[in-house]
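Below, chains carry the letters A, B, ... as their sequence lines are ordered, and counting in each starts from 1. Given the structure is predicted, the values throughout are model-derived calculations rather than measurements.
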2 protein chains.
Amino acid sequence: MKAQELHGHLDALLLAVLEQGALHGYAIIEALRARSDGSLDLPTGTIYPALRRLERAGHVASTWSTVNGRERRTYQLTDAGRRALAGERAGWREFQSTVGRFLDPGTAPGAPV
Amino acid sequence: MKAQELHGHLDALLLAVLEQGALHGYAIIEALRARSDGSLDLPTGTIYPALRRLERAGHVASTWSTVNGRERRTYQLTDAGRRALAGERAGWREFQSTVGRFLDPGTAPGAPV
DNA sequence: CCTAACAAGTAGCGTAGCTACACATGAAGG
DNA sequence: CCTTCATGTGTAGCTACGCTACTTGTTAGG
C-alpha cells in the first residue's frame with residue numbers, strides 16, 4: 001500500500017495501537033505490520049518523529065527502561081490521547097463516508113459489508 | 001472536514017466526479033461540495049493545479065469553450081483516466097480496510113454509539 | 001460606479017511522511 | 001575473534017501536495 005495516503009491518519013493509527021497497551025517505538029512498527037498483514041511497513045523515520053509529535057501534544061507519555069542492556073522508550077496513551085483517539089475515530093468515519101460516497105458507489109454508509 | 005486528510009485521494013475524487021460527465025473546474029468544485037453535503041469545499045488553488053496534474057498524466061483531457069463571454073476549460077476522462085480510476089478505487093478499498101482495521105472495531109468493546 | 005458571482009490561474013507556504021543516515025548493544029555464525 | 005544481523009532510538013534533508021492569498025477578466029445588479 002502506498003503509505004503516503006496515510007497523510008493525516010497516522011496519528012490515529014498510533015493512538016489506536018497504543019490503546020491496547022503501552023509499547024515502545026520498535027514494537028509499534030511491528031504491531032502495525034502484523035495487524036495490517038504487512039500492508040503497513042513504516043520506517044523509523046516516520047514513526048519516531050510522529051511519536052514525539054504526539055508526546056508534545058500530550059496524547060502520549062513516554063518512560064525509559066532498560067531491557068537486556070538496551071534503552072527502551074515506552075509510550076502509553078494519556079487521557080487526552082484517549083479523547084483524541086475518539087475524535088480521530090469520528091473524523092475517520094466522516095472521512096470514510098464522504099470519500100466513499102464518490103469511490104464506493106452502491107455501498108451505503110452504515111450498511112454491513 | 002479537515003481537507004488535508006485528502007492527501008493522496010484528491011485525484012481519485014476528481015476522476016470519480018468526471019466519470020459522470022465532463023465538467024469545467026468551477027463546476028467540479030460545486031459538484032464536490034454538493035455531493036458531499038458541503039463537507040468538501042475545496043479552493044481553486046487546490047483544484048486547478050490538480051487538474052493540470054491529471055492532464056499531464058493523461059488521465060483527463062481539456063477543451064476550451066466560451067459561454068456567456070466567459071472562457072471555460074472543460075475536462076473529460078480519458079481511457080487511461082478510467083483505468084486509473086479503477087485502480088484508485090481498488091487502492092481506496094485496501095486503504096479503507098487497512099485503516100478501518102485499527103479505527104473501526106474500537107467502538108465495539110466499549111459502548112455502542 | 002461598485003460589488004458580487006462566475007471562471008481560470010499562479011506563487012509561495014506549511015505539514016508531514018519518506019530516504020538515508022548515525023549510533024549502540026546482544027546474539028549468531030564462520 | 002570478527003563480522004553480520006536483529007533490536008532499538010534518533011536526526012537531517014527531501015519531496016509531495018493541499019492551502020492561503022493573490023491576479024485577471026466578464027456579466028449582472030443595486
Would you tabulate the pairs of protein nitrogen or oxygen atoms and nucleotide nitrogen or oxygen atoms of nucleotides 13-15 of chain D closer than 3.5 angstrom?
none

| task | Start with the C-alpha gap between A:Asp104 and B:Arg93, add the side-chain angles, then the distance that decides, and say whether side-chain contact (heavy atoms from CB on, under 4.5 Å) holds. | result | CA-CA 8 Å; A:Asp104 280 337; B:Arg93 260 186 281 278; 3.2 Å; yes

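Put simply, OH on A:Tyr26 is 13 Å from C1' on C:dG26, counting in whole angstrom units. One can place NE2 of B:His9 at 13 Å from P of D:dC19, the figure rounded to the nearest angstrom. A:Leu51 has its CG atom 15 Å from the P atom of D:dG8, to the nearest Å. One atom, CD1 of B:Ile29, and another, P of C:dG9, lie 11 Å apart when rounded to the nearest Å. Following rounding to the nearest Å, A:Ile47 (CD1) and C:dT19 (P) show an atom-to-atom distance of 12 Å. Distance A:Arg56 CZ to C:dT15 C1': 12 Å, rounded to the nearest Å. If you take CD of B:Glu55 and C1' of C:dA8, they are 13 Å apart, rounded to a whole angstrom. As a whole-Å value, the separation of A:Arg70 CZ from C:dG26 C1' is 5 Å.
Using a distance-only test at 3.5 Å, with no hydrogens or angles considered, no donor-acceptor pair links the side chain of B:Thr66 to the main chain of B:Glu71.
With rounding to the nearest 0.5 Å, the separation of CD in B:Glu19 from CZ in A:Phe102 is 12.0 Å. Here B:Gln96 contributes atom CD and B:Arg89 contributes atom CZ; the two are 12.5 Å apart, rounded to the nearest 0.5 Å. A distance of 8.5 Å separates CZ in B:Arg101 from CG in A:Leu40, rounded to the nearest 0.5 Å. Within the model, atoms CG of A:Leu23 and CD1 of A:Ile29 stand 11.5 Å from one another, a figure rounded to the nearest 0.5 Å. Residue A:His59 holds its NE2 atom at 12.5 Å from CG of A:Leu14, rounded to the nearest 0.5 Å.
Counting all heavy atoms, side chain and backbone alike, B:Ala22 lies closest to B:Thr74 at CB-CG2, 3.7 Å. The two atoms that bring B:Val17 and B:Arg35 nearest to each other are CA-NH1, 4.2 Å, heavy atoms only. Here the closest heavy-atom approach between residue A:His9 and residue B:Phe95 is recorded as CD2-CZ, 3.9 Å.
Contact annotation for B:Arg73: backbone-only contact, meaning every heavy-atom pair under 4.0 Å involves sugar-phosphate atoms and none involves a base.
The side chain of A:Tyr48 lies closest to D:dT11, out of C:dC6, C:dA8, D:dT11. Distances from the side chain of B:Arg72 to the nucleotides D:dT9, C:dT25, C:dA8 place C:dA8 closest.
Contact annotation: B:Arg53 side-chain N/O to D:dG18 OP1/OP2 distance is under 4.0 Å. Look at B:Thr44 and you won't find any side-chain N or O under 4.0 angstrom from OP1 or OP2 of C:dA8. For D:dT9, neither phosphate oxygen OP1 nor OP2 lies less than 4.0 angstrom from any side-chain nitrogen or oxygen of A:Arg52. Taking 4.0 angstrom as the limit, B:His7 places none of its side-chain polar atoms (N or O) nearer than this to OP1 or OP2 of D:dC17.
Of the residues in residues 60-69 of chain B, those placing a heavy atom less than 4.0 Å from an atom of DNA chain D are B:Asn68, B:Gly69, in numerical order.
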